[in-house]
Amino acid sequence: MLDTMLCLEAFARAAGTHADLRVQNLALASEPAFVSVVNRFSLTLAETVTCSPEGAYVTSWGYRLGTIDDVDSAAARLAYLLAALPA
């Protein structure tokens, strides 16, 4: 069984390695659990990410960022979408 909390914590850590991104909220007790990430220089560049039961990181608008097998690439894809510089 997939541990959504561990997956989202890993995603939050990976997103935090990008200089222009900041994890705004890690809501593990909500339904569904999610991570909110913002661009440090523009709060309008923000996204909420959940983890699907299949192990995919998905944005609030349904874009699949990647899987739990490669969390760093999924976080890098989010950084690209939020116009952040590479880690």
Side-chain angles (χ1 to χ4, degrees):
M1 181 173 184
L2 181 68
D3 188 337
T4 302
M5 291 183 198
L6 287 177
C7 294
L8 289 174
E9 287 173 341
F11 187 85
R13 276 192 306 275
T17 65
H18 293 268
D20 294 350
L21 295 184
R22 178 173 54 89
V23 174
Q24 188 173 34
N25 190 7
L26 179 58
L28 300 176
S30 70
E31 184 57 43
F34 66 89
V35 177
S36 294
V37 180
V38 297
N39 183 309
R40 291 179 191 270
F41 302 105
S42 176
L43 296 180
T44 59
L45 293 171
E47 190 53 69
T48 300
V49 177
T50 59
C51 187
S52 75
E54 296 80 27
Y57 294 109
V58 182
T59 66
S60 60
W61 46 279
Y63 182 77
R64 186 176 180 272
L65 296 168
T67 66
I68 60 172
D69 297 327
D70 193 358
V71 65
D72 292 328
S73 291
R77 184 165 287 137
L78 180 66
Y80 175 79
L81 292 173
L82 296 181
L85 294 174

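Since the model is a prediction, treat every value here as computed from it, not as a measurement.
- In terms of the side chain to side chain contact (heavy atoms under 4.5 Å, CB included) criterion, residue partners of Glu9 (sequence neighbours excluded) are, by chain and number, Leu6, Arg13, Leu26, Leu28.
- The side-chain hydrogen bond (donor to acceptor under 3.5 Å, both in side chains) test applied to Ser30 returns no partner, not counting sequence neighbours.
- Hydrophobic clustering places Ile68 together with Leu8 (ILVMFWY residues linked when any side-chain heavy atoms are closer than 4.5 Å, directly or through intermediates).
- Thr17 places a side-chain N or O within donor-acceptor distance of the main-chain N or O of Ala14, the cut-off being under 3.5 Å.
- Atom CG of residue Leu78 and atom OG1 of residue Thr48 lie 10.0 Å apart, to the nearest 0.5 angstrom.
- Side-chain heavy atoms closer than 4.5 Å link hydrophobic residues (I, L, V, M, F, W, Y) into clusters, and following such links, possibly through other members, connects Leu45 to Leu81.
- Contact detail for Ala15 and Val23: the closest heavy-atom pair is CB-CG2, 4.5 Å.
- Closest approach of Ala56 and Arg64 over heavy atoms only: CB-NE, 3.6 Å.
- Residue pairs meeting the ring-ring contact (aromatic ring centres under 6.0 Å, His included) criterion with at least one member in residues 24-62, sequence neighbours excluded, are Phe11-Tyr57, Trp61-Tyr63.
- Results of the side-chain contact (heavy atoms from CB on, under 4.5 Å) test with Arg77 over Asp70, Leu65, Thr59 single out Leu65 as the only residue that passes.
- Minimum heavy-atom separation, Ala12 to Val35: CB-CG1, 4.2 Å.
- Nearest heavy-atom pair, Ser52 versus Val58, reported as atom, atom and distance to 0.1 Å: CB-CG2, 4.4 Å.
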(request) Please test Glu47 against Ser36 for side-chain hydrogen bond (donor to acceptor under 3.5 Å, both in side chains), starting from the C-alpha separation and ending with a verdict. (result) CA-CA 6 Å; Glu47 190 53 69; Ser36 294; over 6 Å; no

(message) The test is side chain to side chain contact (heavy atoms under 4.5 Å, CB included); show your working for Leu21 and Arg40 and say whether it passes.
(response) CA-CA 6 Å; Leu21 295 184; Arg40 291 179 191 270; 5.9 Å; no

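- Closest approach of Ala46 and Leu82 over heavy atoms only: N-CD2, 3.8 Å.
- Contact of the Leu2 side chain with the Cys51 side chain is registered, since non-hydrogen atoms from C-beta on lie closer than 4.5 Å.
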